[in-house]
Amino acid sequence: MRYSMSIARDEVHVNRTGWIALASALGGAAIGAPVIAALHFSGRQSLNKEMDSALSIADEVIRRTNEVSHQSVSAINKLTATPAPDPCADEHIARMREVAIGSTHLRLVGRVEGTGLVCSSLGRHMPPVPLGPVEFVTAKGARIRTSVALPLAPGVRFIVAEISGYAAVIHGSTPMDVFLDNRDVSISLVSNNTGGTVLTRGVYASSWFRALPRGGAAKTFDGQYVIGQRRSEDIDVTAVAAIPVRYLDARSNELSMKVLPVGLLAGVSLAWAVSVLIQHQGSLAAILRTSLKREEFFLVYQPVIDLRTGKCIGAEALVRWRREDGSVLMPDVFIPVAESSRQIATLTATVIDLVERELPRLLAAYPDLLIGVNLGAIDLQNKLIVDRLALLFSRTAIQPHNLMLEATERALIDFDLSSSVIRDLRAMGLMMAIDDFGTGYSSLSYLTQLAVDCVKIDKSFVDTIGSEAATSKVVYYIIEMGKSLDLKMVAEGVETEAQATFLLENGVHYAQGFLYGRPMTGADLDDYLARH
Ligand SMILES: Nc1nc2c(ncn2[C@@H]2O[C@H](COP(=O)(O)O[C@H]3[C@@H](O)[C@H](n4cnc5c(=O)[nH]c(N)nc54)O[C@@H]3COP(=O)(O)O)[C@@H](O)[C@H]2O)c(=O)[nH]1
């Protein structure tokens with residue numbers, strides 16, 4: 001009685017502070033995470049939108065550039081279609097006028113001789129209008145000048161494309177004349193051959209340029225500008241549009257204002273769900289405490305078989321919780337709660353009470369029966385378990401050699417504390433087994449220092465027997481380790497004859513699993529023993 005009461009006081013304190021800390025941490029995370037996610041989402045969305053916007057501006061520049069190029073080529077083709085002995089004759093100038101009027105982008109078309117425009121759709125030019133040097137020649141042979149001043153429009157710069165002695169003249173801003181929504185977006189047309197700018201409006205940094213395949217596009221962000229670019233299919237130029245970062249920030253802030261309430265709402269909902277879950281866990285711990293007092297627990301036993309003889313040598317005691325409504329809860333559900341709420345020692349004490357009540361009857365018929373009892377980590381850190389078992393042996397026919405205490409590798413993690421308890425238990429003649437062997441922290445040195453008697457090979461390794469899984473080799477190493485330390489080995493979760501044969505052939509002598517029997521009541525184990 002003293003045993004469980006001293007633990008109960010501890011539990012109350014640890015639980016309350018533990019739950020409050022856990023609830024605060026999870027509640028904070030539950031609200032914070034969706035809000036951060038919302039802000040991250042709005043940042044990414046804004047960047048994507050701004051990149052799309054930059055690319056659509058570059059697309060429009062390329063569309064207009066292609067259009068201008070096609071109109072120039074087609075106008076000049078019309079002029080060269082019929083040979084003109086005197087290209088500046090009145091009828092040919094009239095023809096130039098017709099061609100210029102028929103085009104939406106061309107300001108004029110004319111005849112070039114040397115570097116001067118000698119006549120055009122406007123008439124004869126005496127003296128010729130100087131066009132200046134050709135800046136570059138396109139792959140199709142067009143000779144391009146990008147900043148030509150014409151006396152008829154002072155202060156305006158024109159682009160002149162010269163092909164076969166004829167010039168198509170367009171306003172210098174035509175390719176860049178795209179809708180920018182009053183934003184100071186920088187636009188450039190860059191030559192793919194030289195990497196230099198053909199036309200620029202605003203600023204341009206050569207680092208923005210990416211060499212692209214014909215018709216290709218790219219979207220980037222250099223920290224200062226969001227950049228979109230498109231290479232023309234037809235001519236050797238790439239349009240680059242660069243939007244300053246301040247527009248991105250403004251878009252992001254605007255979007256944040258819209259998504260933040262959604263994030264907050266999601267956060268609050270999540271926090272509420274977390275609090276319900278925590279309350280449920282908390283309440284399960286509270287119900288468990290009451291149920292331990294009400295003795296709502298019972299044991300089932302799963303047979304352990306000697307593979308060499310097929311005889312049952314004992315069983316593992318497994319606890320079950322029968323609720324008031326008759327439903328039965330499995331240990332996977334309540335053992336973790338018992339451990340986290342520090343009630344596992346009380347539960348172990350209950351299991352030992354049940355063993356004390358049920359085992360003597362079985363031992364009367366089978367005095368060498370070996371029953372495995374599971375311990376939690378806390379049990380191994382406290383000498384109370386040694387006292388409780390000493391009491392059990394003193395007042396029943398149960399002998400130390402009838403019990404094997406099973407502890408998981410995880411339960412041994414505090415080696416200094418657990419090794420001293422294990423030594424005391426072994427000194428009393430009890431056998432110790434490492435449960436779920438291979439899944440946890442055991443090192444060879446732990447196993448030798450603790451001088452355990454038995455390892456229970458975890459079901460996950462038994463499952464791999466006969467499979468091609470990468471882990472299937474591990475079972476060999478585990479068996480070899482057990483053999484080299486001269487430990488008894490019990491394979492857990494044996495479900496097939498093939499597994500049993502493999503285990504026996506490899507020197508594992510004991511097994512438990514559905515192949516031999518599911519966990520059963522004490523009365524059923526009695527019958528089972530009579531048959532095996
Ligand atoms: N500290 C304590 N832990 C306990 C106690 N009783 C049980 N447990 C631990 O709970 C875990 C789940 O146990 P349980 O639901 O009882 O499942 C056991 C077997 O039913 C199951 N098993 C056995 N053979 C097979 C099989 O062939 N196939 C299959 N699918 N399952 C099988 O394995 C469980 C036994 O595992 P182990 O203990 O590792 O041998 C479990 O971790 C229990 O240890 C308790 O009183 N105290």
Side-chain angles (χ1 to χ4, degrees), residues 7 288 291-292 295-305 307 312 314-322 328-359 370-382 385 388-389 403-413 418 432-440 442 454-465 478 488-500 503 508 510-522 524-525 528:
I7 288 164
L288 181 64
S291 301
L292 280 165
E295 300 185 350
E296 290 182 0
F297 295 84
F298 67 99
L299 291 182
V300 287
Y301 301 86
Q302 184 174 35
V304 176
I305 303 298
L307 288 168
C312 175
E316 178 180 359
L318 298 160
V319 70
R320 301 287 184 262
W321 178 2
R322 182 175 289 110
V328 174
L329 278 188
M330 298 299 279
D332 279 342
V333 177
F334 61 84
I335 295 280
V337 176
E339 277 176 343
S340 64
S341 61
R342 296 178 75 88
Q343 299 184 74
I344 192 72
T346 316
L347 185 66
T348 303
T350 301
V351 168
I352 294 172
D353 288 348
L354 291 167
V355 167
E356 179 168 356
R357 209 176 302 158
E358 296 176 3
L359 190 54
L370 181 62
I371 297 295
V373 173
N374 287 284
L375 299 183
I378 291 173
D379 294 316
L380 290 175
Q381 294 166 11
N382 199 315
I385 186 80
R388 175 65 186 93
L389 288 168
L403 292 189
M404 181 158 77
L405 301 178
E406 301 184 12
T408 60
E409 297 182 49
R410 203 166 47 84
L412 303 174
I413 196 157
S418 55
M432 279 301 307
I434 304 291
D435 205 359
D436 304 341
F437 186 63
T439 59
S442 297
C454 175
V455 287
K456 297 191 80 175
I457 301 168
D458 191 64
K459 179 178 185 307
S460 58
F461 300 112
V462 173
D463 284 344
T464 66
I465 293 172
I478 289 177
K488 287 193 175 56
M489 287 180 275
V490 180
E492 294 181 319
V494 177
E495 292 182 345
T496 66
E497 288 290 355
Q499 290 169 339
L503 290 161
V508 178
Y510 304 98
Q512 71 184 83
F514 292 175
L515 180 64
Y516 308 105
R518 291 184 178 248
M520 55 190 81
T521 61
D524 288 343
L525 180 65
Y528 186 94

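Counting starts at 1 for both ligands and their atoms, in listed order.
- Side chains of V490 and V304 form a contact here, defined as non-hydrogen atoms less than 4.5 Å apart.
- When the side-chain hydrogen bond (donor to acceptor under 3.5 Å, both in side chains) test is applied to K459, the partners found at least two apart in sequence or on another chain are D463.
- Looking at L347 and F334, their side chains come closer than 4.5 Å, going by heavy atoms from C-beta outward.
- In this structure, the side chain of E339 does not engage the main chain of G376 through any donor-acceptor pair within 3.5 Å.
- Closer than 4.0 angstrom to ligand 1 by heavy atom are Q302, E316, L318, V319, R320, M330, P331, D332, I335, I344, V351, N374, D435, D436, K459, E492, G493, V494, E495, G513, F514, P519, sorted by chain and number.
- A 4.5 Å side-chain heavy-atom check between V300 and M520 finds every atom pair outside the cut-off.
- With a 4.5 Å cut-off on side-chain heavy atoms, V319 and I335 count as touching.
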